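Notes follow once the structure below has been shown.
What you see below is based on every heavy atom in this structure, not just the backbone, and it leaves out hydrogens, waters and symmetry mates. What you see is a predicted model, and the numbers here were worked out from it, not measured in a lab.
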2 protein chains.
Amino acid sequence: MARKYIDNPNACSLVHTMNIIGNKWKPIILYLLSNGSMRFGMLNALIPTISKKVLTNQLKELENDGLLLRQSFAEIPPRVEYSLTEKAVGLLPVLKLLSDWANEAYPEMDFEQCRIIENG
Amino acid sequence: MARKYIDNPNACSLVHTMNIIGNKWKPIILYLLSNGSMRFGMLNALIPTISKKVLTNQLKELENDGLLLRQSFAEIPPRVEYSLTEKAVGLLPVLKLLSDWANEAYPEMDFEQCRIIENG
DNA sequence: AATAGTGGTAACCAAAAAGTAACTAATGGC
DNA sequence: GCCATTAGTTACTTTTTGGTTACCACTATT
C-alpha cells in the first residue's frame, strides 16, 4: 500500500528550483534579460506594475542565487547593468517549455492580449 | 535604445504557468501523483509539514486549473482519490527538467539528504 | 456508549510578501 | 541656487499566504 521508496532527491531539487524562480516576478526578469543586459530603470519601465522596492529585492535574490550578474558603474547619475549568468542561461529553454505548456494547456486564454511588459 | 518589440505573449504564458504551479506545495503534489492516484490522507502523510487546510486548498486550486481529477467515493469513512489529468501529465517532463537544472546548477547542495517526503 | 477512522470546514492568528510615498547622494545643466 | 537624473533605501500599511486548533458527518468496532 505505502510505496517502499519515494524519490526525495528529485522532489527536493524541484522544490529548490521553485524556491529560486517560482514567484510572481522572477521568471519575467529572467525572460527580459535573455536578450542581453539591462539597466535597473529599463527593467522597471518594462514591468510597469512592479514597485522599485520589490524589483530591487528580486534582483538581489536572483544575484544571491547566482542567476544574475550585477555591474555597477561609477557614474553620476548611477548606472547598474544586470545580466544573466551561465546558470540562468541554462534555465531559459526550460522556461520556454513552461510557457509553451501554458499555450497548449490553456488554448482558451488569449496570451496575445495580455500586458505585463510594455512594448517599445 | 528601447527595443521595438517585446514578446509579451510568451512572458504572459510563462507567468500564467507560474501562477498555477509556482508555489511551495504544488510541484510536490504533482510529483507525488505522477506514479498514480493517491488519497488525501496519503498525500498528507507523505508531505508531513503541510497542514490539512493548506493541502485541501492546494488540491482545490489544482483541480480548478484542470491539473487534478478528484474522485470521491460514497463510503464510510470517506475515500477521495486524486489523480493527474492529461494537462498535468504534459507538465511532468518539464518539472523533471527543472529538477535536473537544480542538480546541475547547485552541485554543492546535497539533495540526497533532504526530507520533504516521508519514505515508506 | 465510546472510540477510531477519513476528509474535510470554520474561526482565528502569525508571518511573509507586496505596495506606497517620501527621501538620499552626487553631479551636470540652466 | 534650483532642478533633473538614477538606483536605490526607509518607514509604514495592506494583502496574501500559511498555520493551529477544534469541530463535523457517518459508520464499524469494542
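Looking at heavy atoms from C-beta onward, B/Asn23 lies in side-chain contact with B/Gln58 at the 4.5 angstrom threshold.
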Let me see the working for B/Val15 and B/Asn19 under side-chain contact (heavy atoms from CB on, under 4.5 Å), right down to the final yes or no.
-> CA-CA 6 Å; B/Val15 168; B/Asn19 285 343; 3.9 Å; yes
Apply the test side-chain contact (heavy atoms from CB on, under 4.5 Å) to residues B/Leu32 and B/Ile28: give CA-CA distance (whole Å), side-chain angles for both, the deciding distance (0.1 Å), then the verdict.
-> CA-CA 6 Å; B/Leu32 284 175; B/Ile28 308 179; 4.3 Å; yes
Test A/Ile29 against A/Leu67 for side-chain contact (heavy atoms from CB on, under 4.5 Å), laying out the working first.
-> CA-CA 11 Å; A/Ile29 295 171; A/Leu67 297 193; over 6 Å; no
Could you check A/Ser99 against B/Ser13 for side chain to side chain donor-acceptor pair (under 3.5 Å), going step by step and ending with a plain yes or no?
-> CA-CA 5 Å; A/Ser99 135; B/Ser13 44; 3.2 Å; yes
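Ring centers of A/Trp101 and A/Tyr106: under 6.0 Å apart, within the cut-off.
With rounding to the nearest 0.5 angstrom, the CG atom of A/Leu68 is 13.5 Å from the NZ atom of A/Lys60.
Of the residues in residues 65-79 of chain B, those lying under 4.0 Å from DNA chain C by heavy-atom distance are B/Arg70, B/Ile76, B/Pro77, B/Pro78, B/Arg79. Residues of residues 50-63 of chain A having a heavy atom closer than 4.0 Å to DNA chain D, listed by number: A/Lys52, A/Lys53, A/Thr56, A/Lys60.
Think of the region where chain B sits on DNA chain C: with heavy atoms and a 4.0 Å cut, that region ends 5' and 3' at C/dG5 to C/dA11.
For residues 61-70 of chain A, the pairs satisfying side chain to side chain donor-acceptor pair (under 3.5 Å) are A/Lys26-A/Glu61, A/Arg70-A/Tyr82, with sequence neighbours left out.
For the pair B/Asn23 CG and D/dG18 C1', the interatomic distance rounds to 11 Å; values are reported in whole Å.
When the salt bridge (charged side-chain N to carboxylate O under 4.0 Å, His left out) test is applied to B/Glu75, the partners found at least two apart in sequence or on another chain are B/Arg79.
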Identify all side-chain donor-acceptor contacts of residues 87-98 of chain A below 3.5 Å with residues at least two apart in sequence or on another chain.
| unit_1 | atom_1 | unit_2 | atom_2 | d |
| --- | --- | --- | --- | --- |
| A/Lys87 | NZ | B/Ala105 | O | 3.2 |
| A/Lys96 | NZ | A/Asp100 | OD1 | 3.0 |
| A/Lys96 | NZ | A/Asp100 | OD2 | 3.3 |

